[in-house]
Engineer: 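Pasting in a structure now, in C-alpha coordinates, and then I'll have a few things to ask.
Index from 1, following the sequence.
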Amino acid sequence: MVTTTYQVQGMTCGHCVSSVSAEVGAIPGVSDVQVDLATGRVTVTSESPLNTDTVRAAVDEAGYDLVGA
(Lines give C-alpha, C1' and ligand atoms only; values in the text may rest on other atoms or scores of the structure.)
Protein backbone atom coordinates (compact mmCIF):
# COMPACT_ATOMS: atom_id res chain seq x y z
CA MET A 1 0.00 0.00 0.00
CA VAL A 2 1.10 3.55 -0.79
CA THR A 3 -0.03 6.63 1.12
CA THR A 4 0.29 10.02 -0.56
CA THR A 5 -0.81 13.43 0.71
CA TYR A 6 -2.03 16.09 -1.69
CA GLN A 7 -2.83 19.75 -1.10
CA VAL A 8 -6.26 20.84 -2.35
CA GLN A 9 -7.42 24.44 -2.51
CA GLY A 10 -10.98 25.73 -2.30
CA MET A 11 -12.66 23.33 0.13
CA THR A 12 -14.79 25.15 2.71
CA CYS A 13 -17.39 22.72 4.08
CA GLY A 14 -18.49 19.14 4.61
CA HIS A 15 -19.98 18.96 1.13
CA CYS A 16 -16.56 19.84 -0.29
CA VAL A 17 -15.02 16.99 1.69
CA SER A 18 -17.66 14.57 0.42
CA SER A 19 -17.19 15.63 -3.20
CA VAL A 20 -13.41 15.28 -3.13
CA SER A 21 -13.60 11.97 -1.23
CA ALA A 22 -16.06 10.53 -3.75
CA GLU A 23 -14.14 11.59 -6.86
CA VAL A 24 -10.69 10.59 -5.59
CA GLY A 25 -12.10 7.41 -4.06
CA ALA A 26 -13.40 6.38 -7.51
CA ILE A 27 -9.85 6.19 -8.93
CA PRO A 28 -8.99 2.52 -9.56
CA GLY A 29 -6.71 1.15 -6.85
CA VAL A 30 -7.66 3.72 -4.19
CA SER A 31 -8.66 2.07 -0.92
CA ASP A 32 -8.99 5.07 1.40
CA VAL A 33 -9.32 8.87 1.24
CA GLN A 34 -8.97 11.10 4.29
CA VAL A 35 -9.67 14.84 3.91
CA ASP A 36 -8.55 17.41 6.47
CA LEU A 37 -10.78 20.40 5.74
CA ALA A 38 -8.83 22.78 8.00
CA THR A 39 -5.51 22.24 6.22
CA GLY A 40 -6.74 21.24 2.74
CA ARG A 41 -4.72 18.03 2.92
CA VAL A 42 -6.09 14.95 1.19
CA THR A 43 -4.38 11.70 2.18
CA VAL A 44 -4.91 8.87 -0.29
CA THR A 45 -4.09 5.21 0.28
CA SER A 46 -3.75 3.14 -2.87
CA GLU A 47 -2.43 -0.21 -4.09
CA SER A 48 0.36 1.48 -6.06
CA PRO A 49 1.57 5.05 -6.67
CA LEU A 50 -1.03 7.17 -8.43
CA ASN A 51 -0.41 9.38 -11.43
CA THR A 52 -0.69 12.97 -10.20
CA ASP A 53 -2.60 13.94 -13.36
CA THR A 54 -5.23 11.30 -12.53
CA VAL A 55 -5.66 12.70 -9.02
CA ARG A 56 -5.71 16.27 -10.40
CA ALA A 57 -8.50 15.30 -12.84
CA ALA A 58 -10.57 13.79 -10.01
CA VAL A 59 -10.11 16.87 -7.82
CA ASP A 60 -10.98 19.12 -10.79
CA GLU A 61 -14.12 17.04 -11.40
CA ALA A 62 -15.13 17.70 -7.79
CA GLY A 63 -14.67 21.42 -8.44
CA TYR A 64 -11.43 22.13 -6.59
CA ASP A 65 -7.74 22.70 -7.37
CA LEU A 66 -4.87 20.33 -6.66
CA VAL A 67 -2.03 22.67 -5.73
CA GLY A 68 0.60 20.23 -4.53
CA ALA A 69 1.54 16.64 -3.86
Side-chain angles (χ1 to χ4, degrees):
M1 296 305 255
V2 177
T3 301
T4 309
T5 301
Y6 300 93
Q7 189 69 36
V8 176
Q9 189 173 14
M11 297 184 297
T12 59
C13 65
H15 179 265
C16 303
V17 170
S18 296
S19 296
V20 170
S21 296
E23 291 295 338
V24 175
I27 297 171
V30 170
S31 59
D32 187 50
V33 179
Q34 296 294 319
V35 179
D36 185 331
L37 181 60
T39 64
R41 289 192 182 101
V42 178
T43 303
V44 181
T45 304
S46 56
E47 295 171 2
S48 59
L50 297 173
N51 181 310
T52 303
D53 289 339
T54 302
V55 177
R56 185 180 315 279
V59 171
D60 285 348
E61 184 65 29
Y64 307 97
D65 296 314
L66 181 68
V67 294

Engineer: Taking all heavy atoms of Ser46 and all of Leu50, pick out the closest pair and write down the distance.
Structural biologist: OG-CG, 3.7 Å
Engineer: Taking all heavy atoms of Thr39 and all of Gln7, pick out the closest pair and write down the distance.
Structural biologist: O-NE2, 2.6 Å
Engineer: What I'd like to find out is whether the side chain of Leu66 reaches to under 4.5 Å of the side chain of Asp60, using heavy atoms alone.
Structural biologist: no
Engineer: Indicate the atoms forming the closest heavy-atom contact of Glu23 with Ala58, along with that distance.
Structural biologist: CB-O, 3.3 Å
Engineer: Would Gln34 and Asp32 count as a side-chain hydrogen bond (donor to acceptor under 3.5 Å, both in side chains) if you check the C-alpha gap in whole Å, the side-chain angles of each, and the deciding distance to 0.1 Å?
Structural biologist: CA-CA 7 Å; Gln34 296 294 319; Asp32 187 50; 3.2 Å; yes
Engineer: Any idea which heavy atoms bring Thr3 and Thr45 closest together, and the distance?
Structural biologist: OG1-OG1, 3.6 Å
Engineer: Compare every heavy atom of Val55 with every heavy atom of Ile27, then report the nearest pair and how far apart it is.
Structural biologist: CD1-CA, 4.0 Å
Engineer: Using side-chain contact (heavy atoms from CB on, under 4.5 Å), reason through Thr43 and Val33 one step at a time and then give a plain yes or no.
Structural biologist: CA-CA 6 Å; Thr43 303; Val33 179; over 6 Å; no
Engineer: State whether the side chain of Asp65 and the backbone N or O of Val67 hold a donor-acceptor pair below 3.5 Å, judged by distance alone.
Structural biologist: no
Engineer: Test side-chain contact (heavy atoms from CB on, under 4.5 Å) on Val59 and Val24 and set out the steps.
Structural biologist: CA-CA 7 Å; Val59 171; Val24 175; 4.0 Å; yes
Engineer: Which pair of heavy atoms, one from Gly10 and one from Cys16, lies closest together, and at what distance?
Structural biologist: O-SG, 4.5 Å
Engineer: Should Ser31 and Met1 count as side-chain neighbours, where that means a heavy-atom distance under 4.5 Å?
Structural biologist: yes
Engineer: Heavy atoms, side chains only, cut-off 4.5 Å: are Val42 and Met11 in contact?
Structural biologist: yes
